[in-house]
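Residue numbers start from 1 in every chain, and the chains themselves are labelled A, B, ... in the order their sequence lines are given, proteins ahead of strands.
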Number of protein chains: 2
Amino acid sequence: MDDRSPVMGLVHLLRAVTVEFDVLGAEFAARHGLHPTDVRALIHLLDAERAGLRATPGWLGEQLRLNSAGTTSLVDRLERLGLASRSRDTADRRRVLLKVEEKAAELGWAFFGPVIGEVVAVAEDFGAGELETVRRFLTAVLGSVGRARSS
Amino acid sequence: MDDRSPVMGLVHLLRAVTVEFDVLGAEFAARHGLHPTDVRALIHLLDAERAGLRATPGWLGEQLRLNSAGTTSLVDRLERLGLASRSRDTADRRRVLLKVEEKAAELGWAFFGPVIGEVVAVAEDFGAGELETVRRFLTAVLGSVGRARSS
DNA sequence: GCGATAATCTCGCTCAGCGAGATATTAACC
DNA sequence: GGTTAATATCTCGCTGAGCGAGATTATCGC
């Protein structure tokens, strides 16, 4: 657990990657007049859409750890920017359904596209077995962080 | 580059890990009455200390992409919380040197300790060669993100 | 010395997010 | 079926992080 443990290098590396992704997100946000929270919100909304889940303000607020007031103003912002839209759920009329607009997906690709391209290029230097090892490791780490969070 | 590419899973995995780390940091911040920016600042200050660099407000502001006004209030906050302290540089008296207090290192360990423990445990299931593969991959990805940022 | 440059800080402002509570809709229970 | 509780969202007023502009203090080149 001290700094000379061979695993510590990996931990620092993971953290460095995280920080770089954050900075990338923040710069993207600034360049498009968005706030970091807006970017995080779009990521969650796009994820939900891909998974076929129906997103609501309450659900989004939980994901981002915002209270209801903050969530309302976030959704107001996204709507004003034309990135998402509200519509009443006809089944339960207390609920509001959130839909991401095409424009948001375009911004998402503009954001992730170049990074994905670079990572794909990097992956070409690795064999299928090696990539599988990386995948196993990252999956395990993902579980680790989740476990550390809940304890 | 589409969703069925075998590398896309890795990209999503990396993003998921990043998001988890962020949420962990945000929860830690909230639990200790800190702001996410304060946590990021402490990470940079601890890194600088480990690397033997002398941190100043200007340097810290660059790292965090804050302007001078925001940096001043950040340092004020850290000082008020007893996590860092200012001292004039005797060589160049325009400069202010930032020092992290012991308390900050303790909080840092309280933050990263459990996660590190979990990751170390995860790493035990992997051979030395496999860990080296993961290290190579993450190092390459770190370069990728940096390249995507600057383009 | 004197102007130019650099590092930090002060002031006033905007706006994200919070707490408290209002409003509207649905579910539960006798 | 009507009253009460629970749920989802929104409104209002406020705090405080971070910004732009500019003041302040220290150093450097001439």
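An OP1 or OP2 oxygen of D/dG18 is reached within less than 4.0 angstrom by a side-chain nitrogen or oxygen of B/Thr37. The side chain of A/Thr72 places no N or O atom within less than 4.0 Å of a non-bridging phosphate oxygen (OP1 or OP2) of D/dT11. Between B/Ser73 and D/dG16, a side-chain N or O to OP1/OP2 separation shorter than 4.0 Å is absent. A sub-4.0 Å separation between OP1 or OP2 of D/dT25 and a side-chain N or O of B/Arg94 is absent.
Taking atom CZ on B/Arg88 and atom C1' on D/dT27, their separation rounds to 13 Å, with Å as the unit. Here the P atom of nucleotide C/dC9 and the CG atom of B/Leu78 are 12 Å apart, to the nearest Å. The distance from atom CZ of B/Arg77 to atom P of D/dT15 is 17 Å, rounded to the nearest whole Å. Rounded to whole Å, the distance from CG on B/Asp92 to P on C/dA6 is 12 Å. If you measure from atom CD of A/Glu62 to atom C1' of D/dT9, you get 13 Å, rounded to the nearest angstrom. Straight-line distance from the CG atom of A/Leu66 to the C1' atom of D/dA8: 16 Å, rounded to whole Å. Rounded to whole angstrom, the span from the CG atom of B/Asp76 across to the P atom of D/dG18 amounts to 12 Å. Rounded to an integer number of Å, the gap from NE2 of A/His35 to P of D/dC19 is 12 Å.
A salt bridge links B/Arg135 with B/Glu132: the closest approach of a Lys/Arg side-chain nitrogen to an acidic carboxylate oxygen falls below 4.0 angstrom.
Side-chain N or O atoms of B/Glu79 include one that pairs as donor or acceptor with a backbone N or O of B/Arg86 at under 3.5 Å.
Looking at heavy-atom distances under 4.0 Å, B/Arg86 makes contact with sugar-phosphate atoms alone, never a base. Among the heavy atoms of the strands, none lies under 4.0 Å from A/Ala30. B/Arg65 comes within contact range of the sugar-phosphate backbone alone, with a heavy-atom separation under 4.0 Å but no base atom that close. Using a 4.0 Å heavy-atom criterion, one finds that B/Thr71 contacts no nucleic acid atom at all.
Judged by atom type and distance alone, B/Asn67 does not reach the base of D/dG18 through any side-chain donor-acceptor pair under 3.5 Å.
The one candidate from A/Val134, A/Asp125, A/Thr133 that meets the side-chain contact (heavy atoms from CB on, under 4.5 Å) condition with B/Phe137 is A/Val134.
Neither A/Val145 nor B/Val23 shares a network with the other; the hydrophobic side chains, linked directly or stepwise wherever heavy atoms of I, L, V, M, F, W or Y lie under 4.5 Å apart, form separate groups for each. By the criterion of side-chain heavy atoms lying less than 4.5 angstrom apart, applied directly or through intervening Ile, Leu, Val, Met, Phe, Trp or Tyr residues, A/Leu97 is not grouped with A/Val100; the two fall into different hydrophobic clusters.
When each of A/Ala69 and B/Ser68 is assigned the nucleotide of DNA chain C bearing its nearest heavy atom, the one mapping closer to the 5' terminus is B/Ser68.
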